[in-house]
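Here, residue 1 is the first one in the sequence, and each next residue gets the next number.
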Amino acid sequence: MSTVNNSESECAACGKQGGENLKARTACKLVKYCSKTCQKAHPPKHKKECKKRAAKLFDEALFKQPPPREDCPICFLQLPTVAGYQSCCGKNLCEGCLYEIARETDICPFCRMPAADSDEEEISMCKKRMEAGDASAFYRLGTAYLNGGFGLQQDPKKALELLLQAAELGSTQAHFNIACIYHSDRYIDRYSGTFTEKDPEKGLYHSQRAAMGGCERSRYNLGVFEEERGNMDLAMKHWMIAAASGLEISLKNIRMGFMCGDVTKAEYEKALRAYQNHLNEVKSDQRDRAALISSGVRGTMQTGY
């Protein structure tokens, strides 16, 4: 028998009329309470239904196509996953604009401020942006500590601290890198276990948060995770979303799924159209020229750091 009180104006525990003063249960949004006492007393009766409803709500959020990324403030085309962060003004610029404008000058293409002359100045500029609550600044300095950038000594513990702050401030890319860290053995032996141990549960959490924020690489990794567990239907759902965000390797996996009978012809055609539409939306001659220059630098592995 259902434990849910269908009246939106009554406390689910005591039945007291509360109107706008009632607060909904965060997990399931199905019931409301008039006080903390009722909120603590009722859950044991409602636990099973709450858990089922919460799982449904989470799946709806997880498999929802994320909103498009912000536009580059110069060319007004949608930004790629990894953009060029400007620590002077806190803007993220696309590679095409950075290449076309910054190749002939050392000033920021957006705010026209001079670029940092040294690692020390770059770090100082990042810290000023951090004081303003800039998630991208926390992420930039966090990855510098992770990899030893800007002349800093590698400090994975400090890096994780900064990346977690960036994630709390809304950085999707920070969630992705944190997930990679928790899934990796990279720093355990080298740092004698003082940094972190593998934690697949935390890694999955941050992968999901990154995917819901629009990180197609995390979405791809979630698809691989489900594939390894034998959940091909869930894997394909993740790859469909990643393909619509322009990730070619996900489209290739969908094509293989079509050849193996895991994906229908209509589904494959839909993924192919979505993939091509995304490429057309973000394409420009500037970005094509910049991509030619950087193509020899970037690898094809879907990892962070």
Side-chain angles (χ1 to χ4, degrees), residues 69-70 79-93 95 98 115-222 224-225 247 294 297-305:
R69 299 186 195 91
E70 62 178 315
L79 286 170
T81 302
V82 180
Y85 177 72
Q86 304 300 104
S87 53
C88 47
C89 55
K91 296 295 183 181
N92 289 297
L93 308 180
E95 194 173 52
L98 286 173
D117 289 331
S118 63
D119 289 335
E120 291 76 13
E121 186 177 357
E122 178 65 29
I123 293 171
S124 176
M125 293 168 73
C126 278
K127 288 182 176 179
K128 287 183 179 180
R129 293 300 309 167
M130 288 164 62
E131 292 174 1
D134 188 339
S136 295
F138 279 94
Y139 171 76
R140 185 169 175 82
L141 198 56
T143 54
Y145 275 109
L146 193 64
N147 299 315
F150 302 142
L152 295 169
Q153 183 177 353
Q154 278 188 308
D155 188 343
K157 187 175 181 180
K158 179 67 174 179
L160 183 60
E161 176 187 326
L162 291 171
L163 289 173
L164 286 169
Q165 288 179 278
E168 289 178 5
L169 290 169
S171 172
T172 295
Q173 194 64 25
H175 277 297
F176 172 68
N177 276 38
I178 294 167
C180 292
I181 289 169
Y182 280 128
H183 282 303
S184 175
D185 289 321
R186 179 174 176 180
Y187 298 104
I188 295 175
D189 293 333
R190 185 174 180 182
Y191 292 92
S192 304
T194 57
F195 169 40
T196 184
E197 295 182 359
K198 288 180 69 174
D199 193 326
E201 185 174 344
K202 288 183 179 179
L204 178 60
Y205 168 81
H206 286 285
S207 288
Q208 291 170 335
R209 294 297 164 183
M212 287 188 282
C215 178
E216 65 269 17
R217 292 182 293 173
S218 280
R219 184 69 68 176
Y220 168 80
N221 289 342
L222 287 174
V224 173
F225 172 75
L247 193 63
S294 62
V297 178
R298 295 179 179 175
T300 58
M301 293 184 64
Q302 307 303 308
T303 55
Y305 316 113

Practice problem: Answer yes or no: is there a side-chain heavy-atom contact under 4.5 Å between Leu247 and Arg219? | Solution: no
Exercise. Hey, could you give me the NE2/CZ distance between His206 and Arg209, rounded to the nearest 0.5 Å?
Key: 9.5 Å
Practice problem: List the steps, then state whether side-chain contact (heavy atoms from CB on, under 4.5 Å) holds for Gln208 with Phe225. | Solution: CA-CA 11 Å; Gln208 291 170 335; Phe225 172 75; over 6 Å; no
Quiz item: Taking it one step at a time, do Leu169 and Tyr139 satisfy side-chain contact (heavy atoms from CB on, under 4.5 Å)?
Solution: CA-CA 10 Å; Leu169 290 169; Tyr139 171 76; over 6 Å; no
Quiz item: Roughly how far apart are Thr143 OG1 and Tyr85 OH, rounded to 0.5 Å?
Solution: 11.0 Å
Exercise. Of all the heavy-atom pairs spanning Ala211 and Ser218, show the shortest one and how long it is.
Key: N-CB, 3.8 Å
Quiz item: Which heavy atom in Leu152 sits nearest to a heavy atom in Ala144, and how many Å separate them?
Solution: CD1-CB, 4.1 Å
Quiz item: If we only count heavy atoms from C-beta on, is the Leu98 to Gln86 side-chain gap below 4.5 Å?
Solution: yes
Quiz item: Between Arg140 and Asp134, is a side-chain contact (heavy atoms from CB on, under 4.5 Å) present by the stated rule, with each step listed?
Solution: CA-CA 10 Å; Arg140 185 169 175 82; Asp134 188 339; over 6 Å; no
Self-check item: Nearest heavy atoms of Ala166 and Ala135, plus distance in Å
Solution: CB-O, 3.5 Å
Quiz item: Are Gln173 and Arg217 side-chain neighbours, meaning at least one heavy-atom pair lies under 4.5 Å?
Solution: yes
Quiz item: Just how far is it from atom CE of Met125 to atom CG of Leu141, taken to the nearest 0.5 Å?
Solution: 13.0 Å
Quiz prompt | 4.5 Å side-chain heavy-atom contact, Leu222 and Leu204 | solution = yes
Quiz item: Among Glu168, Met130, Arg129, which one satisfies side-chain contact (heavy atoms from CB on, under 4.5 Å) with Phe138?
Solution: Met130
Quiz item: What closest approach, in Å, do Glu122 and Ser87 show between heavy atoms, and which atom pair accounts for it?
Solution: OE2-OG, 2.8 Å
Self-check item: Atom pair OG/NZ of Ser124 and Lys127 - distance to nearest 0.5 Å
Solution: 7.5 Å
Practice problem: Over all heavy atoms of both residues, which pair between Gly213 and Thr172 is shortest? Give the atoms and the distance, please. | Solution: O-OG1, 3.4 Å
Quiz prompt | Spacing of OG belonging to Ser171 relative to CG belonging to Leu162, to within rounding of 0.5 Å | solution = 11.5 Å
Self-check item: Nearest heavy-atom neighbours spanning Leu93 and Leu79
Solution: C-CD2, 3.7 Å
Quiz item: How many angstroms lie between CD in Glu216 and CG in Asn221, if you round to the nearest 0.5 Å?
Solution: 11.0 Å
